[in-house]
Amino acid sequence: MALLIILITCFMIILATSQPCQTPDDFVAATSPGHITIGGLFAIHEKMLSSEDYPRRPQIQKCVGFEISVFLQTLAMIHSIEMINNSTLLSGVKLGYEIYDTCTEVTVAMAATLRFLSKFNCSKETVEFKCDYSSYMPRVKAVIGSGYSEITMAVSRMLNLQLMPQVGYESTAEILSDKIRFPSFLRTVPSDFHQIKAMAHLIQKSGWNWIGIITTDDDYGRLALNTFIIQAEANNVCIAFKEVLPAFLSDNTIEVRINQTLKKIILEAQVNVIVVFLRQFHVFDLFNKAIEMNINKMWIASDNWSTATKITTIPNVKKIGKVVGFTFRRGNISAFHSFLQNLHLLPSDSNKLLHEYAMHLSACTYVKDTDLSQCIFNHSQRTLAYKANKAIERNFFMRNDFLRDYAEPGLIHSIQLAVFALGYAIRDLCQARDCQNPNAFQPWEQIQSKCSKECSPGQMKKTTRSQHICCYECENCPENHYSNQTDMPHCLLCNNETHWAPVRSTVCFEKEVEYLNWNDSLAILLLILSLLGIIFVLVVGIIFTRNLNTPVVKSSGGLRICYVILLCHFLNFASTSFFIGEPQDFTCKTRQTLFGVSFTLCISCILTKSLKILLAFSFDPKLQKFLKCLYKPILIIFTCTSIQVVICTLWLIFAAPTVEVNVSLPRVIILECEEGSILAFGTMLGYIAILAFICFIFAFKGRKLPENYNEAKFITFGMLIYFIAWITFIPIYATTFGKYVPAVEIIVILISNYGILCCTFFPKCYVIICKQDINTKSAFLKMIYSYSSHSVSSIAMSHASLDSMNGNVTMTNLSSSGKSATWQKSKDLQAQAFAHTCRENATSVSKTLPRKRISSI
C-alpha cells in the first residue's frame with residue numbers, strides 16, 4: 001500500500017530541469033486582486049539553483065530550499081489582509097496583495113521591486129522615467145518586507161524614487177533608521193542598537209569579559225559588529241575573535257568558513273561566550289557542525305534566530321551548551337492559529353506557495369512532525385514542476401498542527417502590525433476619497449498618514465487597548481518630565497534636584513536658586529524698619545545723655561543701665577541683617593546667637609529695673625526684706641546672660657546651624673539656614689520667654705505706682721507685646737515654607753524689639769521733651785510725698801478698721817455670753833493699747849517714709 005501511494009505521488013510530480021520564469025506572472029508567489037494592492041517580499045526559499053559558479057545570463061533562476069517559517073510569514077500577511085477585508089476598517093474597499101519570493105537574493109528582490117514600481121494597469125510592465133513621481137501611479141501602494149536587512153536596504157533605495165512606503169517586519173539594521181538615506185522605510189521592530197546595547201549590558205552584568213563574535217559579511221553583519229564593539233568597550237568587555245561568514249548560501253565557500261570558525265572556537269579555549277549575529281540557515285549549519293565537534297559554549301542569540309523552531313528542533317541541540325537570546329515583542333496570534341486550522345478554505349488557485357507546500361508535504365507523509373521541516377527542506381533542494389490533486393490536499397490538511405508549532409509569535413505579530421499600520425493609513429486617506437478607484441491616492445501620501453497623529457515633542461505615546469503599537473494616543477508629559485523628539489514612547493524625567501519642567505515640556509529648565517535677597521521688596525522694607533529702629537535707639541541715647549541729671553533718667557536706673565539696654569536694642573535690630581542675603585555658615589551661626597544673647601541681656605536689665613521699682617515702693621516688710629536680698633543687679637544680669645551664652649555655645653558646638661540646599665520645591669532651589677537642632681533653638685527662645693515672664697510678673701506687681709513715673713506699667717505692656725509676637729510666631733514659622741521663612745523671624749524680632757523699646761523709653765522721652773515741668777526734683781519729691789502719704793493713710797485706716805473690728809467683737813461677745821465684769825475690763829484695756837500703738841506707728845511712718853523712698857529711688 002505504501003508503495004502504491006509513492007507511485008501515485010511520483011506520477012503526480014513531473015520532474016523538470018532548472019529553468020527561469022517565462023513571464024512576470026510566473027514570478028509571483030501568491031496574489032489576490034483588490035481595489036488597493038500591497039506588495040510583499042519574503043525569502044521563502046534559501047537560494048537560487050544555478051549550475052554555474054556565477055551568473056552568465058541575466059535570468060531569474062528557480063529557487064530551492066523551502067523554509068517553513070518564512071512560508072508562515074507569508075500566510076500571516078495574507079491572514080492580516082483578510083482580517084481587514086472582513087472588518088469595517090475599510091468599508092467597501094478591498095485590499096489585494098502580490099507576494100514575491102526573494103530567494104534570499106538581492107537581485108531577485110530587485111526584480112520584484114521593479115514590478116512593484118511598474119505603471120499601474122499597463123500591459124507592458126514598464127517603469128516610466130519621470131522627474132516628478134508625485135502623480136505617478138505604480139502597481140502597488142506599499143511594500144511589506146523583506147526580512148533581511150541587506151535585501152531591505154537595496155529594495156528601499158529603489159522605492160525611495162517614488163517614496164513608496166516600505167514596512168519592515170524583521171529588518172533591524174540600525175542604518176535603516178536614517179531618514180535621509182531611507183525616507184520611505186518604516187518598521188514594526190526596534191533597531192539593533194537597543195538589542196546590542198542590551199547584549200553588552202547582559203554580558204557585563206554576568207561577569208563575562210572575554211568573548212567571541214560571529215557575524216555575516218553584509219551590511220547587517222558589519223553594522224552589528226561595529227555597534228557591538230563600541231558597546232563592548234563601554235562595558236569593559238574584550239573581544240577575543242571576530243569571525244565573518246558569507247551572507248548567502250549561494251556562496252560556495254560558506255561551508256569552509258563555518259569549519260574555520262569552529263576550529264577558531266576550539267583553539268580559543270578560554271572563550272566560553274559567543275555572540276552570534278547570523279541568519280537561521282547559518283546557525284543551523286553552524287550548530288550541526290558544532291555538535292559533531294562536541295563544542296559546548298554559551299551562545300548569545302540575536303533576534304534573527306533566538307526563537308526559530310528550525311534551530312530548537314536540531315537533533316541533540318542541547319549538546320552545544322546554553323543559548324540566551326533576545327526576541328521581538330509578542331502579541332496575541334490566536335486568530336492566526338485558527339486561520340492555520342482552516343487553511344484548506346484559503347483559495348489556492350493563485351497561491352503557488354500552498355501548492356508547493358502540499359507537494360513537499362506529500363513527499364514526507366510518513367515523517368514525524370519533529371523531522372518534517374528538515375524533510376521538506378531536503379525535498380525542496382530539487383526543482384519540481386507539480387500538480388496537486390485532492391488526495392495530496394487531504395494529506396496536507398492533516399498536518400496543520402505542524403505549522404502551528406513552527407509559527408514564531410514575535411515575527412507573526414510584527415507582520416500583523418505592518419499590515420494593520422498600512423490599513424489604518426489607507427483608512428485615513430480614504431475618509432474623503434473614493435478608494436474603490438485605484439487612482440484615489442499615490443503611495444507617497446501614506447507616509448503622511450498614520451493610525452494615530454504624530455506626538456509632538458513635549459508629549460508621549462499612550463498605547464490604546466488595540467494590540468497595534470502604531471495606534472496610540474498622545475499624552476502631555478507631566479510636570480518635571482520632558483520629551484525632545486516626536487513619537488517618544490515615554491517622557492524623560494528631569495533631575496529633580498537641579499532641574500524642572502512644566503507640563504508638556506521639551507527641555508528641562510535649571511532650577512533658580514532663591515533666598516531672601518537684598519533686592520527683594522520685603523527684605524528692603526524690613527531693612528528700612530531695622531534702620532529706623534537703630535535711629536530711634538541713637539535718638540533715645542542722645543536724649544538721655546543730654547538729660548543725664550533729670551529725675552526721669554535717674555529713675556530709669558541711670559545712664560549705665562540705659563546704655564546697656566539701648567545697646568541690646570541696637571544689636572537686635574542689627575541682627576536682622578544676618579537673615580537677609582545668601583546664607584553662609586557664618587551668618588547662619590551668628591544671627592540666632594547674636595539675637596539670643598543680646599535679647600537676653602536686654603530682658604535681664606529690664607528685670608533688674610522691675611525689681612528695683614518694686615523694692616522702692618513696697619510697704620510690706622517681709623516682701624521688702626526678700627527683695628533686698630534678691631536685688632543684686634550685676635549678679636542678676638551676669639547670671640541670666642551667662643546661662644543663655646552657655647545654651648548658645650553648646651548649640652554651636654554640638655549642632656550648629658548650617659546652610660541647607662532645599663530641593664523639595666518643584667521649580668526653585670531654596671538656600672536656607674538649617675537650625676541644626678530644633679531642641680537647641682527652642683531652648684534658646686524658651687529661656688528668653690521664662691525671663692520675660694518673670695519680668696512681666698514683677699512689673700505687673702508695680703503697675704499702680706506713681707502715674708508720672710510708672711515705668712512698671714509700660715514694662716508690662718512691652719512684655720505682653722513680646723509674648724503676643726512670639727506666640728504668633730510659632731505656628732507661622734512651622735507652616736511657612738520657602739525663601740520667606742527668615743522674613744517671618746525678622747518681623748517677630750522687630751515687633752518684640754519695637755514693643756519693648758517704645759514701652760521702655762518713649763514715655764520717658766515724652767516727659768523729658770513735652771512735660772519738662774514735672775521732670776524737676778521738686779515735682780518729683782512732691783509726687784513721691786503725695787504717693788507715700790496716700791499709702792500711709794491707707795495703712796493707718798487699715799489698722800484703725802482692725803481696731804474697731806476687735807472692739808465690736810469684744811462687746812458682742814460680752815453681751816451674748818454674759819461673762820464677768822473683770823474679764824470685760826481686761827479686754828477693754830488691751831483694745832485701747834492696741835489702737836494707741838497703731839496710731840503711733842502711723843505717725844512714725846508718715847514722718848520717716850518720704851526721706852527713705854527718695855533715697856531709695
Side-chain angles (χ1 to χ4, degrees), residues 38 80 83-84 87-91 93 141-142 144 163-169 171-172 174 176-180 182-191 193-195 197 328-332 410 413-433 435 441-496 499-510 666-667:
I38 297 175
S80 299
M83 286 179 65
I84 292 176
S87 70
T88 59
L89 182 63
L90 300 175
S91 300
V93 178
K141 299 292 187 183
I144 291 178
L163 281 183
M164 180 179 290
Q166 179 189 11
V167 185
Y169 59 88
S171 302
T172 56
E174 186 180 353
L176 287 168
S177 298
D178 187 347
K179 285 300 179 183
I180 297 176
F182 305 99
S184 63
F185 177 76
L186 308 163
R187 55 183 163 194
T188 56
V189 289
S191 74
F193 173 79
H194 305 287
Q195 177 183 209
K197 186 176 181 180
F328 299 125
R329 175 184 175 184
R330 298 188 178 192
N332 184 3
H413 180 60
S414 296
I415 294 169
Q416 289 177 340
L417 293 176
V419 174
F420 272 89
L422 291 174
Y424 280 107
I426 294 169
R427 179 202 63 181
D428 292 344
L429 290 172
C430 293
Q431 287 179 352
R433 314 183 193 198
C435 285
F441 63 90
Q442 278 70 38
W444 58 269
E445 293 182 78
Q446 295 174 85
I447 299 177
Q448 315 298 324
S449 177
K450 298 183 178 181
C451 173
S452 301
K453 291 183 179 180
E454 187 178 72
C455 292
S456 61
Q459 294 181 315
M460 64 177 175
K461 296 192 294 186
K462 181 182 179 183
T463 307
T464 59
R465 293 184 179 180
S466 170
Q467 67 169 331
H468 309 296
I469 60 174
C470 298
C471 301
Y472 49 82
E473 296 175 353
C474 293
E475 190 174 83
N476 292 338
C477 291
E479 192 172 7
N480 289 329
H481 291 74
Y482 75 100
S483 62
N484 54 8
Q485 299 177 10
T486 57
D487 281 342
M488 288 189 68
H490 59 273
C491 297
L492 305 176
L493 178 65
C494 297
N495 185 343
N496 286 337
H499 291 77
W500 71 280
V503 175
R504 197 175 180 177
S505 178
T506 58
V507 294
C508 287
F509 298 97
E510 192 171 353
R667 300 189 179 188

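Computation of the quantities below employed the complete heavy-atom set of this structure, encompassing side-chain atoms and omitting hydrogens, waters and symmetry-equivalent molecules. If you're wondering where the values come from, they're calculated on a predicted model, not measured in any experiment.
- Here the CZ-CG distance, from F185 to D178, works out to 12.0 Å after rounding to the nearest 0.5 Å.
- Remark: T486 pairs with E454, P457 by the side-chain contact (heavy atoms from CB on, under 4.5 Å) rule, at least two apart or across chains.
- Checked by atom type and distance alone, the side chain of S184 never pairs as donor or acceptor with a backbone atom of Q166 at under 3.5 Å.
- In this view, S483 satisfies the side-chain hydrogen bond (donor to acceptor under 3.5 Å, both in side chains) rule with no residue, not counting sequence neighbours.
- Between P502 and F509 the shortest side-chain heavy-atom distance falls below 4.5 Å.
- Not counting sequence neighbours, the partners of E475 by the salt bridge (Lys or Arg N to Asp or Glu O under 4.0 Å) test are K462.
- Q446 contributes a side-chain N or O that, together with a main-chain N or O of K141, makes up a donor-acceptor pair within less than 3.5 Å.
- Residues forming a side-chain hydrogen bond (donor to acceptor under 3.5 Å, both in side chains) with S80 (at least two apart in sequence, or on another chain): none.
- Contact annotation: the side chain of L176 never approaches that of S191 to less than 4.5 Å [non-hydrogen atoms, C-beta and beyond].
- When every heavy atom of V189 is checked against every heavy atom of S171, the shortest pair comes out as CG2-O, 3.9 Å.
- Counted by atom type alone, R187 and S177 present one or more donor-acceptor pairs between their side chains at under 3.5 Å.
- A search for side-chain contact (heavy atoms from CB on, under 4.5 Å) contacts involving Q459 returns C455, S456, C474, N476, R504, not counting sequence neighbours.
- In terms of heavy-atom proximity, V93 sits nearest to C435 at CG2-CB, 3.8 Å.
- Every salt bridge (Lys or Arg N to Asp or Glu O under 4.0 Å) that R667 has, sequence neighbours left out, goes to E479.
- The side-chain hydrogen bond (donor to acceptor under 3.5 Å, both in side chains) search around R330 returns none, not counting sequence neighbours.
- With rounding to the nearest 0.5 angstrom, the SG atom of C508 is 8.5 Å from the CG atom of N495.
- With sequence neighbours excluded, no residue satisfies ring-ring contact (aromatic ring centres under 6.0 Å, His included) with Y482.
- Here the shortest heavy-atom pairing between H481 and C491 reads CB-CB, 3.8 Å.
- Legend: residues meeting side-chain hydrogen bond (donor to acceptor under 3.5 Å, both in side chains) with N484, ordered by chain and number and at least two apart, are absent.
- Listed by chain and number, the residues in a side-chain contact (heavy atoms from CB on, under 4.5 Å) with S87 are L89 (sequence neighbours excluded).
- Residue T188 comes nearest to S414 through the heavy atom pair OG1-O, 3.0 Å, listed as atom of the first residue, atom of the second, then distance.
- Taking Q431 as the reference, R427, D428 meet the side-chain contact (heavy atoms from CB on, under 4.5 Å) condition, with sequence neighbours excluded.
- For the residue pair N480 and P666, the shortest heavy atom distance occurs at OD1-O, 3.8 Å.
- Taking both residues in full, the closest heavy atoms of G423 and I84 are given as CA-CD1, 4.1 Å, listed atom of the first, atom of the second, then distance.
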Assess whether side-chain contact (heavy atoms from CB on, under 4.5 Å) is satisfied between I426 and F441, documenting all intermediate values. CA-CA 9 Å; I426 294 169; F441 63 90; 4.1 Å; yes

